[in-house]
Structures are given as structure tokens and as C-alpha cells.
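Right, I'll just put the structure down here and ask away after.
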Amino acid sequence: MVTSFGCSSKILQLFEHTQEEPLRKARKKSWVAGITTGLSPCLTFLSWALDFWYGGKLAQSGEISAGDVFKTFFVLVSTGKLIADAGSMTSDLAKGSNAVASVFEVLDRKSISPDNPKSKIQGRIEFKKVDFAYPTRPQCLILQDFSLDVKAGTSIGLVGRSGCGKSTIIGLIQRFYDVDRGAVRIDGMDVREMNVLWYRGFTALVSQEPAMFSGSVRDNIAFGKPEADEEGIVEAAKAANAHEFISSLKDGYDTDCGEHGIQLSGGQKQRIAIARAIIRDPAILLLDEATSALDAQSEQVVQEALDRIMTGRTTIVVAHRLNTIKNADSIAFLGEGKVIERGTYPQLMNKKGAFFNLATLQK
Ligand SMILES: Nc1ncnc2c1ncn2[C@@H]1O[C@H](COP(=O)(O)OP(=O)(O)OP(=O)(O)O)[C@@H](O)[C@H]1O
């Protein structure tokens, strides 16, 4: 990508720029380390010199014997060096204790496993007064006092200007991050208290750019459910409008679609990704601009497949093109980290507010 855009010098510049701050810190640290390392033997020798000077004075005046001077000297030799060495280790000790604390923090984390591991989730999603900022930009709140309630088995379209936090909401539902305030609840339970692997087993994501893994088409679909049998894989492909084109490939489901395999079109890859999602039979389906990279014809085929698999599942649809969410049970228009408008497509159009303005722009 860097080479094809011919911007390697710019990237090198950026790299050098990002190294400036660590370099400054490293220089500061080496100064401190150098001074303390030099100071430590210096203090040791000074204390010996002081011992002989003052001890010699006291011995001369007859207050102590020469033997006492040597006794204190040997006490200084054996203890002073240890104290000086311990002093030069303080920064390492502080670093070590921080590292150990973070390890224990991870070990102490508790995920509540479901009482019955076979139990399923229904798929109700609630965001309760959520504040969220990405850890790398803590000062920039993406969601602020954000609340949203999606009933189990219904679909909701998320719309709003680019960067308003739609994909962030999808990431929070999958618990890729924890909220700073408030809670994300699934069926009334805080996601932070759920066993995250168990919970993610009930979710499936179809994003704008489907990832193809090395292996056959079959492997790529089964990635959603490794224990799936042939019948399940074909059923999922049929539901995703993919069976026909897969069967027409020279090696059918055995066709290699990895890095050195067949070149699939965007729409074909997307349908394999949908089959991969559907084979999981997810209670929560997350569609992050799943059709926005496709041409009109592919979009229609993929949209048909999506409409079919959405029924009966809680579905979050992030969309720029509003026609993809026309049939959603409700639509939330986001802005300034909150839901500004919510309703069905006709309700929002009648309201003649922000959503109406966006829809008019797209016509
Ligand atoms: N990993 C991250 N670290 C820091 N900031 C991020 C990260 N991901 C996204 N952001 C920022 O969070 C804000 C919301 O991003 P998000 O991708 O959720 O918006 P969006 O509404 O989905 O945008 P789009 O419609 O363009 O896809 C943006 O300002 C983005 O720059």
C-alpha cells in the first residue's frame, strides 16, 4: 500500500517523528541513570574518607582507639556498598512492581460464566448512559451519556455523519473495549460480567471488507463454526445467495480462496462472509456497512441474503446509504455522541429533522 501510493518518504518522516518523544525520554533516563551510577561509588568512597579523617582526629585526641577506627571502617565497607547498590535499583524496583501489579490485575479479572453453558441469549441490547473514549485518546469522548435500547429479534439502523461513532457502538457490543461510564447490557446483564468467549459465540459481524482466510471456500465458511458439517455449510451458502456461484467454480467448495487462490469479486467475498456469519446462527447480527463497497447489482443480491438472515435476530445495521435500512424496525440518527432522532423510516421522514435532511441530500 505504502509503495503503491509512493509515500515511503512520508512514512519514514512520520516514523522519525514518532521516535522523537521516546528518544527524549530515553536521553533523560540515561542522564539520571548515569548520575546515580556515578554518585553511588562516589558516596561510598567519601564515607570511607570521612571515617578515616574524623576517626583519625578522635584517635589523635585519645577519645577512641585506632582499632575503633578500623572497626567502623569495616562496618562501612560491608553495609555502605549494599545500601548504595539498593539505591541504584529503586527505578528497577518501581518498574517491576508496576509490571507485577498489571499481571495481577489481569489474573484477578472475573468473568461470570453462565450457570448453564448451553443456555442461549435472546439478544436484547441496552446502552445505559454510556460515556466512551478510546484508550489512545482519553480526552476525546466518542459517546457521551449515550442510551439506546434494542429489543431482542428486532433490527435497528444506525446513521449519522462519518466519525459519529457507529462502528464504535458495534465494537462495544462485541466488548472489544469497556465503557468509561454507564453500561452495555445484553438481556439485562452487563457485558463486563459475562464470559466474553461464550457471549461472542452468539454474535456475528459482517463488515465492509470481508476477510478471506487461507484455505478452501468450505474452510472459509466453516470458520464461523468449525464443527459444522457439509450440509450446514451448503445451507448457509444457500441462505447467503452464494451456493450457485460456489458450485459453478471449477473445484466448487474446495476452491482455494487464500492469498494464492482464486480471485473472487467483492460481492462474492461478501456472500461467503455472510455464509460464515449465518452458520453461527447468531442471536446478534452486526452489519457494518456490509453492502457499501458493492456495485448496485451485487448490492441487491447481498441485500436479499441479508434481509433473509436478519429475520428473528437482533440486527444492528450501520449504513451510509439509507435505502439499505428502509425496512429496519427502527432507525437511530446519531450526533454529538448521542441518539438525536429515533423512529421508523416514515416516522423520521415525517419529522422533517436531521434524518430528513440527510435523506433529501441522498436523493
Ligand atoms: N481505535 C481507535 N482509536 C482511537 N480513535 C478511534 C479508533 N477507532 C475510531 N476512532 C475515532 O472514533 C471516532 C468514531 O469512529 P467510528 O469508526 O466509530 O465512526 P463511524 O461513525 O463508524 O464513522 P464512518 O461512518 O466513517 O465509518 C472517530 O473520530 C475515529 O477517529
>> If you count every heavy atom of other residues, nucleotides or ligands that lies below 6.0 Å from Lys338 atom NZ, does the total exceed 12?
In response: yes

>> Under the criterion side-chain contact (heavy atoms from CB on, under 4.5 Å), I'd like the reasoning laid out for Val100 against Phe104: C-alpha separation, chi angles, the key distance, then a yes or no.
In response: CA-CA 6 Å; Val100 170; Phe104 277 107; 3.3 Å; yes

> Trp31: which other cluster members, linking ILVMFWY side chains closer than 4.5 Å, directly or transitively?
Replying inline: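 Its cluster partners, ordered by chain and number, are Ile35.
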
> Residues in salt bridge (charged side-chain N to carboxylate O under 4.0 Å, His left out) with Asp307, at least two apart?
Replying inline: none

> Nearest heavy-atom pair of Ala222 and Ile233: which atoms, and what distance?
Replying inline: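 Nearest pair, atom of Ala222 first, then Ile233: CB-CD1, 4.0 Å.
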
> Just wondering, are more than 12 heavy atoms of other shown residues or ligands nearer than 6.0 Å to CD in Gln60?
Replying inline: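 No - once you tally the heavy atoms of other residues, nucleotides and ligands closer than 6.0 Å, there are 12 at most.
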
> When rounded to the nearest 0.5 angstrom, what is the spacing between CG in Asp149 and OG1 in Thr154?
Replying inline: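 Taking CG in Asp149 and OG1 in Thr154, the distance rounds to 8.5 Å.
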
> Residues two or more places apart in sequence or in another chain: which of them pass side chain to side chain contact (heavy atoms under 4.5 Å, CB included) with Gln122?
Replying inline: Ala152, Asp187

> Will you find, in the side chains of Ser207 and Asp288, an N or O donor that is under 3.5 Å from an N or O acceptor?
Replying inline: no

> With a 4.0 Å cut-off, would you call Lys225 and Asp281 a salt bridge?
Replying inline: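 So Lys225 does not pair with Asp281 through a salt bridge.
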
> If you count the non-hydrogen atoms of other residues, nucleotides and ligands that lie under 6.0 Å from CD in Glu244, is the total more than 12?
Replying inline: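 No, CD of Glu244 has 12 or fewer neighbouring heavy atoms, counting only those of other groups under 6.0 Å.
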
> Would you say the side-chain atoms of Glu304 pair up with the backbone N or O of Asn241, donor to acceptor, closer than 3.5 Å?
Replying inline: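 Pair absent, no side-chain N/O of Glu304 close to backbone of Asn241.
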
>> Surrounding OH of Tyr54 (heavy atoms of other residues, nucleotides or ligands, distance under 6.0 Å), is the total greater than 12?
In response: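 Atom OH in Tyr54 is not packed in, count stays at 12 or less.
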
>> Under the rule for side chain to side chain donor-acceptor pair (under 3.5 Å), what residues qualify as partners of Arg280, not counting sequence neighbours?
In response: none

> Crowded around Phe223 CZ? As in, over 12 foreign heavy atoms under 6.0 Å?
Replying inline: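 No, not enclosed.
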
Hey, can you pull the donor-acceptor pairs under 3.5 Å for the side chains in residues 132-147, sequence neighbours left out?
from: Tyr134; atom 1: OH; to: Thr168; atom 2: OG1; distance (Å): 2.9
from: Asp145; atom 1: OD1; to: Arg181; atom 2: NH2; distance (Å): 3.3
from: Ser147; atom 1: OG; to: Lys129; atom 2: N; distance (Å): 3.0

All N/O donor-acceptor pairs, side-chain side in residues 155-165, below 3.5 Å, sequence neighbours left out:
from: Ser155; atom 1: OG; to: Asp329; atom 2: N; distance (Å): 3.0
from: Ser155; atom 1: OG; to: Asp329; atom 2: OD2; distance (Å): 3.3

> Is the NZ or CZ atom of Lys352 both under 6.0 Å from the centre of the six-membered ring of Phe356 and within 45° of that ring's axis?
Replying inline: yes

>> Closer than 3.5 angstrom, by distance alone: can the side chain of Asp251 be matched with the main-chain N or O of Asp254 as a donor-acceptor pair?
In response: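 It does not hold such a pair.
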
> Is the side chain of Arg276 donor-acceptor paired with the backbone N or O of Gly224 at a distance under 3.5 Å, no angle test?
Replying inline: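 Absent.
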
> After noting the C-alpha distance and the side-chain angles of Phe213 and Asp219, does the key distance pass the side-chain contact (heavy atoms from CB on, under 4.5 Å) rule?
Replying inline: CA-CA 8 Å; Phe213 304 104; Asp219 297 337; over 6 Å; no

> Hey, are the side chains of Val150 and Arg124 touching, using non-hydrogen atoms and a 4.5 Å cut-off?
Replying inline: no

> So does Asp180 have more than 12 non-hydrogen atoms from other groups sitting under 6.0 Å from CG?
Replying inline: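 Yes, enclosed.
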
>> Could you walk me through whether Leu148 and Val130 satisfy the side-chain contact (heavy atoms from CB on, under 4.5 Å) test, starting with their C-alpha distance in whole Å, then the side-chain angles of each, then the deciding distance to 0.1 Å, before giving a yes or no?
In response: CA-CA 9 Å; Leu148 184 72; Val130 165; over 6 Å; no

>> Has Thr315 got a side-chain atom pairing as donor or acceptor with Arg313's backbone, closer than 3.5 angstrom?
In response: yes

>> Once rounded to the nearest 0.5 Å, what's the spacing between atom OG1 of Thr203 and atom CD1 of Ile125?
In response: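 Here the rounded value is 9.5 Å.
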
>> Using modelled atom types and a 3.5 Å cut-off, is there a donor and acceptor pairing between side-chain atoms of Glu193 and backbone atoms of Asp190?
In response: no

> Which value, rounded to the nearest 0.5 Å, describes the distance between Asp68 atom CG and Lys71 atom NZ?
Replying inline: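 Rounded to the nearest 0.5 Å, the CG-NZ separation comes to 5.0 Å.
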
>> Using every non-hydrogen atom in the two residues, find where Ala236 and Ile221 come nearest and quote the distance to one decimal.
In response: CB-CG2, 4.4 Å

> Is there a donor-acceptor pair under 3.5 Å between the side chain of Gln347 and the backbone N or O of Thr344?
Replying inline: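 Checking the backbone N and O of Thr344 against the side chain of Gln347, a donor-acceptor pair under 3.5 Å is found.
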
> Distance from Lys238 atom NZ to Ser247 atom OG, nearest 0.5 Å?
Replying inline: 8.5 Å

> What closest approach, in Å, do Ile340 and Gly335 show between heavy atoms, and which atom pair accounts for it?
Replying inline: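 Heavy atoms only, the tightest pair is CD1-CA, 3.4 Å.
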
> Can you name the closest pair of heavy atoms from Val206 and Ala290 and give their distance?
Replying inline: CG1-CB, 3.8 Å

>> Strictly distance-based, threshold 3.5 Å: is any side-chain N or O of Thr314 a donor or acceptor partner for the main-chain N or O of Gly153?
In response: yes

> Does a side-chain heavy-atom distance below 4.5 Å link Met212 with Ile272?
Replying inline: yes

> Parallel under 30°, tilted from 30 to 60°, perpendicular over 60°: which one fits the rings of Phe355 and Phe333?
Replying inline: perpendicular

>> Is there a salt bridge (charged side-chain N to carboxylate O under 4.0 Å, His left out) between Arg218 and Glu230? Walk through the geometry before answering.
In response: CA-CA 8 Å; Arg218 179 186 291 101; Glu230 188 68 19; 2.7 Å; yes

> Taking everything shown except Glu336 itself, do over 12 heavy atoms lie less than 6.0 Å from its CD?
Replying inline: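 No, the 6.0 Å shell around CD holds no more than 12 heavy atoms from other groups.
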
>> I'd like to know whether Ser216 forms a side chain to side chain donor-acceptor pair (under 3.5 Å) with Asp256, so could you lay out the CA-CA distance, the side-chain angles of the two residues, the decisive distance to 0.1 Å, and finally the verdict.
In response: CA-CA 4 Å; Ser216 62; Asp256 182 15; over 6 Å; no

> Do you know the tightest heavy-atom contact between Arg200 and Gln174?
Replying inline: NE-O, 2.8 Å

> Does the side chain of Ser330 come under 3.5 Å of the side chain of Arg342 through a donor N or O and an acceptor N or O?
Replying inline: yes

>> For Ala277 versus Leu285, what's the shortest heavy-atom pair and its separation?
In response: CB-CD1, 4.4 Å

>> Strictly below 4.0 Å, N to O, side chains only: are Glu289 and Arg321 in salt-bridge contact?
In response: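 Looking at Glu289 and Arg321, the cut-off is not met.
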
>> For Phe202 and Ile186: C-alpha separation, side-chain torsions, deciding distance, then whether side-chain contact (heavy atoms from CB on, under 4.5 Å) applies.
In response: CA-CA 11 Å; Phe202 295 100; Ile186 305 295; over 6 Å; no

